[in-house]
Amino acid sequence: MEKIWLKSYPQGVPAEIDPAQYRSLVHLLEESFEKFASRNAYVCMDTFLTYAQLDDYSKKLAAWLQSRGMQKGARVAVMMPNVLQYPIAVAAILRAGFAVVNVNPLYTPRELEHQLRDSGAEAIIILENFATTLEQVLGKTGIKHVIVANMGEMLGALKGAVVNFVVRNVKKMVPAFALPNTVGFKQALSQGARMPLAKVELNHADVAFLQYTGGTTGVSKGATLTHRNVIANVLQNDVWIQPALDKAPRVEAITIVCALPLYHIFALTACSLMGTRWGGMNILIPNPRDIPGFVKELRKYKFNMLPAVNTLYNGLLNNADFASLDFSALKISLGGGMAVQQAVNERWLKVTGCPILEAYGLSETSPGATSNPANATAFSGTIGLPIPSTEIAILDDDGLPVPQGQPGEIAIRGPQVMAGYWNNPEETAKVMTADGYFKSGDVGIMDERGYTRIVDRKKDMILVSGFNVYPNEIEGVIAGHPDVLECACIGVPDQHSGEAIKLFVVRRNPALTAEQLMDFCKTQFTAYKKPKFIEFREELPKTNVGKILRRELRDEKKAA
C-alpha cells in the first residue's frame with residue numbers, strides 16, 4: 001500500500017524511527033536520569049523532584065521490590081493519582097525487571113479484583129485513600145506484597161504532616177482500612193537503601209506495561225505493551241513534536257501540565273515518558289476535576305505543553321479565571337482520548353493563541369498512531385497523519401482495503417502496536433489481522449493527502465431507516481450552539497425507523513428549551529439525522545480521563 005501521507009509530513013520529520021537505539025525502556029530512562037540529573041522532573045503541591053532524586057528513589061524501591069523474591073517479569077500494580085510517588089514507582093518496577101500494571105484508583109472492588117486476578121499481579125503500590133477498596137478483595141487475588149503511600153510523605157516533614165492531617169481529618173478522604181503486613185512507601189525506600197539492586201537483562205520483547213482497556217466497550221482486557229512498543233512510541237512522538245518545540249523562542253527544559261491521570265496511557269506516554277525523554281518537568285495535578293484549584297496551580301508556572309481531552313479543555317475555558325493566565329510559552333496543546341470539537345478548538349485558540357493539535361491512538365498502540373502536524377496553525381477536523389513507522393489501512397467488513405475516500409475500519413500497523421491482550425488469544429485474534437494490523441473499531445475516511453477523519457466507533461453508529469448516522473457529527477455540530485456546554489447522542493429503538501436519535505445535553509444557559517434546540521437541529525441536519533428526543537442533564541457519565549460514555553447512556557435506556 002502506498003504511503004500517501006508521507007508527502008504531507010512537515011520538513012525534517014523522518015518517515016521511520018529506530019527503536020533498536022535502546023535495549024530497553026530502562027536504558028532510555030537511565031540515560032535521562034544521568035543526562036538531566038540537576039533538572040526538576042516533577043512538581044506536585046509546590047514540592048519539586050529532580051531527575052537525580054528520581055534516579056535515587058527508584059533505585060532504592062527497585063532493590064526493595066527485588067528483595068521480595070519475585071521473578072523477572074512479575075506484575076506489580078500501581079493504584080495512585082498524580083502524586084510524586086507515581087513516577088518513582090513506575091521507574092522502580094521497570095528497573096527491578098518487572099511489569100507495571102496501571103490501576104484506576106477510582107475502581108470499584110469488583111473492577112479491582114478483575115484486574116489484579118487477570119494480570120496475576122503479585123505486589124501493589126497504593127495510596128492509602130484507596131486502600132479500603134483493596135481490603136475488600138485482597139484475599140481473592142494473588143497479591144503478596146502491599147506498599148501503602150500517603151499524600152504528604154514526599155512533601156517534606158512539616159508540609160507533609162499538614163497535608164496528611166487535612167486529607168485524613170478535615171476532608172475525610174481516607175476511609176478506615178485494615179490490611180495485613182503492609183509496608184509504608186518511605187519505609188520501603190529506607191529499607192531498599194541498604195539492599196543491592198541486581199541489574200536485570202531486559203530486551204525488546206519483555207513486557208513493560210499491562211494497560212487495561214475496554215472500559216468503554218466491554219470487559220476490561222490488558223493490552224500487553226512491550227519495551228519495544230513503548231520505546232517506539234516515545235521516539236515517534238519525539239520526532240513528530242520537534243517542529244513545535246523548534247518554534248522560537250526555543251525552550252531548553254520543557255514544562256508539561258500533567259492533569260490527565262498517569263495510570264492512563266495518554267498521560268503515561270505524552271506527559272511522563274515524553275517529559276523524561278526531553279528532560280522536562282511535569283506539573284502533577286492530583287485532582288483535575290477541581291478546575292478552580294487546577295487553574296490556581298497553572299498560575300504559578302510558564303507551561304509549554306498541555307495534553308488534554310475535549311471535556312477538560314472545555315472545562316478550563318468555562319472557568320472565569322482561566323483566560324487571565326500567561327499563555328506566552330504554550331507551544332503544544334495536544335488533544336486526544338476523544339474527538340476534539342471545532343467549537344472548543346476555536347475558543348481555545350482565541351483564549352490561548354495555541355491551536356489544539358488533535359492526535360489519535362489507543363491503549364493497544366502505546367498510544368500514538370496518528371497526529372496532525374506539530375506546526376499546524378488551523379483545526380483540520382481530522383486525526384491527522386500516521387506518525388513515523390506507522391501504517392494506516394481503511395478496511396471493509398471482509399478485511400480488504402476500501403477505495404480511497406470511502407469509510408471503513410481504521411487498522412494500524414507499526415512498532416507501537418501491542419503484543420496482544422494479556423492471556424487472551426481469542427480477543428487478540430479478533431483485533432489482529434494476519435499481516436499485523438490492529439483493527440481499532442473506529443470508522444474513518446482517509447483523504448488524498450493521507451489525513452484521516454473519524455466518523456465514529458463501529459458500535460456507536462446509529463441506523464435510522466437504513467441510513468448510517470455517526471454520533472460524532474451530531475455532537476460536533478450541537479456543541480457549537482452557544483447555550484450548550486456538553487452533549488452526547490445514542491440510538492434508541494424506534495418502531496418506524498428501526499432506531500431514532502436521542503440527544504443528552506448539559507446546558508450552559510439554563511433557559512435553553514428542547515424546542516429551541518430542535519429548531520437549531522432543523523437548520524443543521526437532514527431529516528434522518530435530526531434527534532427525535534432531547535433530554536437535559538446536570539452532567540454526563542465519563543471515563544476517568546473525561547471521555548463521555550455513550551455506553552452508559554445506552555445501558556440506562558435498556559434498563560428503563
Side-chain angles (χ1 to χ4, degrees), residues 104 211-218 223 257 259-261 263-271 288-289 291 306-318 332-348 355-372 379-384 409-410 412 440-445 452-462 469-480 484-490 503-506 537 539-554:
N104 178 351
Q211 203 64 34
Y212 277 74
T213 181
T216 56
T217 51
V257 178
L260 295 169
Y263 54 80
H264 190 277
I265 190 67
F266 185 7
L268 179 69
T269 302
C271 299
R289 286 189 172 92
I291 296 282
L306 200 165
V309 293
N310 187 79
T311 41
L312 186 54
Y313 285 127
N314 198 25
L316 289 169
L317 288 167
N318 286 300
I332 307 153
S333 302
L334 186 64
M338 65 185 291
V340 174
Q341 292 166 340
Q342 185 162 358
V344 170
N345 181 72
E346 284 169 1
R347 288 181 66 209
W348 185 264
I356 297 173
L357 181 70
E358 187 166 6
Y360 168 76
L362 308 100
S363 297
E364 292 90 342
T365 59
S366 307
T370 72
S371 178
N372 279 274
F379 185 66
S380 71
T382 75
I383 55 169
E409 185 171 7
I410 298 168
I412 303 151
S440 69
D442 287 313
V443 179
I445 297 172
T452 297
R453 180 167 58 87
I454 287 192
V455 286
D456 231 305
R457 290 281 314 163
K458 261 180 139 178
K459 59 171 51 186
D460 283 344
M461 192 176 71
I462 304 165
V469 179
Y470 296 106
N472 276 1
E473 180 193 0
I474 311 299
E475 292 162 7
V477 171
I478 290 165
V484 170
L485 183 64
E486 287 180 333
C487 62
C489 71
I490 62 169
L503 179 69
F504 297 84
V505 174
V506 178
R537 293 276 182 102
E539 59 180 13
L540 297 175
K542 296 187 181 97
T543 65
N544 46 355
V545 193
K547 189 193 294 187
I548 291 169
L549 281 165
R550 295 188 192 120
R551 175 176 56 83
E552 280 203 12
L553 294 169
R554 280 198 299 268

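Just so you know, these numbers use all the heavy atoms, side chains as well, and skip hydrogens, waters and symmetry mates.
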Looking at Asp460 and Arg554, does any basic side-chain N land under 4.0 Å from a carboxylate oxygen? yes

Pairwise side-chain contact, [X] with [Y], heavy-atom cut-off 4.5 Å (strictly under):
X	Y	answer
Ile490	Pro471	no
Thr382	Asn372	yes
Cys487	Val506	no

When you measure from the side chain of Asn310 to the backbone of Gln341, do you find a donor-acceptor pair of N or O atoms at a distance under 3.5 Å? yes

Test item: Glu358 side-chain N/O and Val340 main-chain N/O as donor-acceptor pair under 3.5 Å: yes

Partner set under salt bridge (charged side-chain N to carboxylate O under 4.0 Å, His left out) for [X], not counting sequence neighbours:
X	value
Asp456	Arg550
Glu486	Lys542
Arg537	Glu535, Glu556
Arg453	none

Checking Thr543 against Asn104 for the side-chain contact (heavy atoms from CB on, under 4.5 Å) test, could you report, in this order, the C-alpha distance in whole Å, the side-chain angles of both residues, the deciding distance, and whether it holds? CA-CA 10 Å; Thr543 65; Asn104 178 351; over 6 Å; no

In chain order, what residues pass the side-chain contact (heavy atoms from CB on, under 4.5 Å) check against [X], with sequence neighbours excluded?
X	value
Glu346	Gln342
Thr370	Tyr360, Ile383, Ile392
Ala488	Glu475, Leu540, Ile548, Leu553
Val477	Phe520, Gln524, Phe525

Search all heavy atoms of [X] against all heavy atoms of [Y] and return the closest pair with its distance.
X	Y	answer
Leu312	Pro288	CD1-O, 4.3 Å
Ala223	Ser363	CB-O, 4.1 Å
Pro261	Asn544	CG-O, 3.9 Å
Cys271	Val257	SG-O, 4.0 Å
Ala339	Asn472	CB-ND2, 4.0 Å
Val545	His264	CG2-CD2, 2.7 Å

Verify side-chain contact (heavy atoms from CB on, under 4.5 Å) between Tyr470 and Ile454, making sure each step is shown before the conclusion. CA-CA 10 Å; Tyr470 296 106; Ile454 287 192; over 6 Å; no

Please name all residues satisfying ring pair (Phe, Tyr, Trp, His ring centres under 6.0 Å) with Phe266, sequence neighbours left out, ordered by chain then number. none

Could you measure the distance from the [atom1] atom of [X] to the [atom2] atom of [Y]? Nearest 0.5 Å is fine.
X	Y	atom1	atom2	value
Asn345	Leu317	CG	CG	10.0 Å
Ser366	Leu268	OG	CG	9.5 Å
Glu409	Ser440	CD	OG	5.0 Å
Ile410	Leu362	CD1	CG	9.0 Å
Ile412	Thr365	CD1	OG1	5.0 Å
Thr311	Leu316	OG1	CG	10.0 Å

Tell me, please, which residues at least two apart from [X] pass side chain to side chain donor-acceptor pair (under 3.5 Å).
X	answer
Tyr313	none
Ser333	Trp348
Asn314	Asn318

